[in-house]
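All remarks here apply to the structure that follows.
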Amino acid sequence: MPGTTPQPTSATRTRSWWGWGWADAHPDDAECAAMGALIPGTLAHPLPVPRVRDLAVERPAVEPPASLAHLVATGPEERAAHAMGKAYRDVARALRGRLGRIPDLVARPTDEREVADLLDWAGERQVAVVPYGGGSSVSGGVEYRGDAHRAVLSLDLTAMGRVLEVDAVGRAARIQAGTLGPSLEDQLRPHGLTLRHFPQSFEFSTLGGWLATRAGGHYATGRTHIDDFVQSLRVVTPAGTSASWRLPASGAGPSPDRLFLGSEGALGVITEAWVRLQERPTHKASASLAFTDFRAALEAVRAIAQSDLSPANCRLLDAGEAALSGASHDGSAVLVLGFESADGPVTARLGQAVDLARSHGGRRGGVDGGDTADTDAAVGAWRSAFLRMPYLRDGLARMGAVAETFETAATWDRIPGLIEAVRTEVGQAALKASGHPATVNCRLTHVYPDGAAPYFTVLAAGRPGDEVAFWDDLKAVASDVLHRHRATITHHHAVGRDHRPGYDRQRPDPFALALRAAKGALDPRGILNPGVLVD
């Protein structure tokens, strides 16, 4: 059946151009100062909120042709808002007025033909094209670095934000790549269906961005990556448009979709996809368990992951992360469990998972009182902190503190040693570099029968005026630890530019050779997101 016009996510609120999310949701000066006081060595007063008018935004180096001018914006506000993603290092640079190369143009195509026309023009003029969805990248994936191109165009896909077609029988939909998470779900809701893919950036990211970065959703088991939902893709490249067949499965050679999933705009611009949907869940249940022994908690999570229970949520917070989120205040680690279904009650499965956790030393916390609502206090505290954390990170950045995360994945036999090595070595590096102790917390966000995805939070006093270099040094230490333990450089944050060194070390040489050949064939003039994945 035909799609509908996308619904706006907000009629009045304004996105922050320099930090996470909505401009009116950021901590005020008093809250920033209160948070900074908890980290020794931070600034006495918060840095001022940056203003676009204080930036040195040069005139565009090129002008679009008349045939495309109606798609292009050149104002300083638009260009500054598209200059970087939303990682800590991006926020810190914005606070210091050091954005780097600001795009000359911001284009918003409304259909595939306009995308192709923009790529053709950019190729002729040697203009770098950086595909842009919601701008929530935390790995340097939506900014241009260097000076090899005459100009830079930020290709914003959000004007392509419609659910074009819904197949209720096959439970799938054809959706444009620029559709933001809330709008996507709003358009599916009348059909009783959901994509059920909810990354932390859900409110401010797009389907195309999820596909291009192989994003991970909120759910801890089962379909954790967007890859699992894809039936087919349409991708516009300088060499032509790739359109794969919509199929439930295929064994016909290497998958064309796999070439573009995770390609981060370096091989082509994803314009739409057929994705698998599900009925909206009506039965939910959740619980939390506390552990005094973190190793025992890891064993409990492994047991649950290797069962056939398939919880929607199976997040283990170490003692520091549990305290930070308000899920625990007695030094315990906390396991958050959640189940949901569109077919029937889930309390029995929750009970089995709780019993497994208790057999490994878990102390039962609250459990919801029914099968449709979450009332567990620890679960509620974790969920609130999860959504609020990016805003608090930006507030700490205003105090000169480093507040950032990184994530990985490894097999179960390596998980305990990996977590301990990261905590120890990153903590020691921060102390040596700043003279102040750092906090390094860990949580497991996604779990599999054969391994898990640890997610680390680092809180430290930065070097005033040199916060970005300080974080880069800590990230290099962390990346070395990951490589030594054969853990991936990223489980779901993407490669971008920040993770290129780790990605280059991780991938096999023959695959790198093939990827460079694909880049040369699909993007012969080298205009698509230069520096991402391959040179």
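Count residues from 1 along the sequence.
- Every side chain to side chain contact (heavy atoms under 4.5 Å, CB included) that Ala410 has, sequence neighbours left out, goes to Arg414, Ile415, Leu418, Ala487.
- Salt bridge absent: Asp228 and Arg276 never bring a charged side-chain N and a carboxylate O closer than 4.0 Å.
- Comment: Arg443 does not engage Asp318 in a salt bridge, judged by the lack of any side-chain N to carboxylate O separation of less than 4.0 angstrom.
- Using modelled atom types, one finds no donor on one side chain facing an acceptor on the other under 3.5 Å when comparing Tyr88 with Thr405.
- Using a 3.5 Å distance cut-off with no hydrogens or angles, the side chains of Arg162 and Gln176 do not pair a donor with an acceptor.
- With salt bridges taken as basic N to acidic carboxylate O contacts below 4.0 Å, none links Glu340 and Arg280.
- With sequence neighbours excluded, the residues satisfying side chain to side chain contact (heavy atoms under 4.5 Å, CB included) with Ala243 are Arg234.
- Ring-plane geometry between Trp471 and Phe406 is classed as tilted, the angle between the planes lying from 30 to 60 degrees on a 0 to 90 degree scale.
- Using modelled atom types and a 3.5 Å distance limit, the side chains of Trp22 and Glu203 yield a donor-acceptor pair.
- Side-chain polar atoms of Thr488 and Gln506 form a donor-acceptor pair below 3.5 angstrom.
- Salt-bridge check for Arg500 with Asp504: passed, with a basic side-chain N closer than 4.0 Å to an acidic carboxylate O.
- Ring pair Phe202/Phe198 is perpendicular by interplanar angle, where above 60° counts as perpendicular and below 30° as parallel.
- Applying the ring pair (Phe, Tyr, Trp, His ring centres under 6.0 Å) rule to His493 yields the partners Tyr455; only residues at least two apart in sequence or on another chain are considered.
- There is no side-chain donor-acceptor pair under 3.5 Å between Thr411 and Asp450.
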